[in-house]
Protein chains: 2
Amino acid sequence: MAPRGRPRSFDRDLALSRAMEVFWAKGYEGAQLADLTEAMGINPPSFYAAFGSKEAAFREAVDLYIATVGSAPMRALDSATTLKAGIRAMLKGSIDVALSSQPGGCLLVLGVVNCLTENEAARECLKKARRTTLDLIRERLERGVRDGELPADTDAEVLAAFYNGILQAISFQARDGASRHDLESLIAPAMAAVPS
Amino acid sequence: MAPRGRPRSFDRDLALSRAMEVFWAKGYEGAQLADLTEAMGINPPSFYAAFGSKEAAFREAVDLYIATVGSAPMRALDSATTLKAGIRAMLKGSIDVALSSQPGGCLLVLGVVNCLTENEAARECLKKARRTTLDLIRERLERGVRDGELPADTDAEVLAAFYNGILQAISFQARDGASRHDLESLIAPAMAAVPS
DNA sequence: CTATTTTCGTAATTGTAACTACAGAAATAG
DNA sequence: CTATTTCTGTAGTTACAATTACGAAAATAG
């Protein structure tokens, strides 16, 4: 049973994916509706009918980003055989993500840094996602302590904040135009923080 | 010999200092002219007469920031007795700076991350300042190599990018609401990257 | 086919940001 | 005192962003 009225003339999922790319490249405030609708191949009324508002579209785009692009580094963290290999793989994966957009960097880190008070909700949305990233790293480190991969007195919270910081630095430097070589050279000094 | 016409009724240096604080707290695009003029205690025509444009005022504010607030961590880097103490002091100084504004973080790092194409010039202005920070760290590390504080095969460029990344992480996490304790706990893992 | 529902494209509307025109005020030069 | 210069405050102007009103179009239900 097809829906009642005139059918939508565009692919909503594809349009959302395009919107995600625009938000990723330009940030929430930098992405103007005209940029979004042009990339999506639709007009403003279709945008509002399908997504409700710019902010609602952003939230959907962030969810899509987390479900696709953003989760790869975190899966790499958990699926490696050792803790150190996991952290290395997470950083490597984050570099892959950071370089896969032009300009570079992670949407969750760079999408809303400074914003007008009216856009604080979008900032909070990303802040929550960053908190989740931090939790995932901390949980992996705690598992490392339990498994004896790390000394029993390791402060997982602190070390997680440190590696979260490295992820942020990767995004930031990618946005400033760093090359793959530049970014990969950050991994070795960062790995020195893991007790061996 | 006093100047010819009606004298300016406000202190230009003080007004610039106030503008710097607003740009620092809200970023270039987040700082609206109304925010600036209110903090400066003047009206828009006085602002334009004294500073020319929002962008020109931003450049002056950045120069003031570098000359005052921003240079403290870099002076700490050079004036410590040992290299490791210098890096530690730089990071500590950067935390002091990051926590001295509400919300936290460094103007040079956070002032313009995403921006409209029309504001790309402001972004470049900060990018150049960040490049200078990187150069200062690299030069100190190179001196460490010459003085035998670091192994001869140390890659100063790489290590400088790493510590520049730690500075960026400190600012990001301060902006996200990290406490002094949170930020200071990043120092120990970061210091592990210095060959001893 | 007709009525109904939903979408589409054009062209507003509304709100707000950076910036400025202009008339009056406050100083100096002669 | 008068002319000249420069600043100040009020009240715009201009441009542009997000959002929407509205009539035409494209589908289904009966």
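Letters A, B, ... are given to chains in the order of the sequence lines, protein chains preceding strands, and every chain is numbered from 1.
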Output a table of donor-acceptor pairs, distance under 3.5 Å, between side-chain atoms of residues 184-196 of chain B and any protein atom two or more places apart or on a different chain; print 'none' if there are none.
from	atom 1	to	atom 2	distance (Å)
B/Ser185	OG	B/Asp182	O	2.7

Side-chain donor-acceptor pairs of residues 103-121 of chain A under 3.5 Å, sequence neighbours excluded:
from	atom 1	to	atom 2	distance (Å)
A/Asn114	OD1	B/Arg175	NH1	2.5
A/Asn114	ND2	B/Leu110	O	2.3
A/Asn119	ND2	A/Glu29	OE2	2.6
A/Glu120	OE2	A/Arg123	NE	3.1

Would you mind writing out the side-chain donor-acceptor pairs for residues 31-38 of chain B within the sub-3.5 Å range, not counting sequence neighbours?
from	atom 1	to	atom 2	distance (Å)
B/Asp35	OD2	B/Gln32	N	3.1
B/Thr37	OG1	B/Leu33	O	2.9
B/Thr37	OG1	B/Ala34	O	3.3

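Rounded to whole Å, atom P of C/dG15 lies 17 Å from atom CG of A/Leu116. In this entry the distance linking NZ of B/Lys54 with P of D/dA15 reads 19 Å, nearest Å. Rounded to whole angstrom, the span from the CD atom of A/Glu55 across to the P atom of D/dA18 amounts to 13 Å.
A/Arg138 has a carboxylate O that lies under 4.0 Å from a charged side-chain N of A/Glu142, or vice versa, which qualifies the two as a salt bridge.
Residues from residues 22-51 of chain B lying near DNA chain C, meaning a heavy-atom separation below 4.0 Å, are B/Ala31, B/Gln32, B/Leu33, B/Pro44, B/Pro45, B/Tyr48 in numerical order. DNA chain C lies under 4.0 Å from at least one heavy atom of each of the following residues of residues 5-20 of chain A: A/Gly5, A/Arg6, A/Pro7, A/Arg8, A/Ser9, A/Phe10.
Each side-chain hydrogen bond (donor to acceptor under 3.5 Å, both in side chains) pair with one or both residues in residues 7-23 of chain A, not counting sequence neighbours, appears once here: A/Arg12-A/Glu60. Legend: side-chain hydrogen bond (donor to acceptor under 3.5 Å, both in side chains) pairs involving residues 92-101 of chain B, not counting sequence neighbours, sorted by first then second residue: B/Asp96-B/Arg180. For residues 158-169 of chain A, the set of pairs meeting the salt bridge (Lys or Arg N to Asp or Glu O under 4.0 Å) definition, not counting sequence neighbours, is empty.
With sequence neighbours excluded, the residues forming a side chain to side chain donor-acceptor pair (under 3.5 Å) with B/Arg59 are B/Glu55, listed by chain and number.
Below the 3.5 angstrom threshold, one finds no donor paired with an acceptor across the side chain of A/Arg4 and the base of C/dT6.
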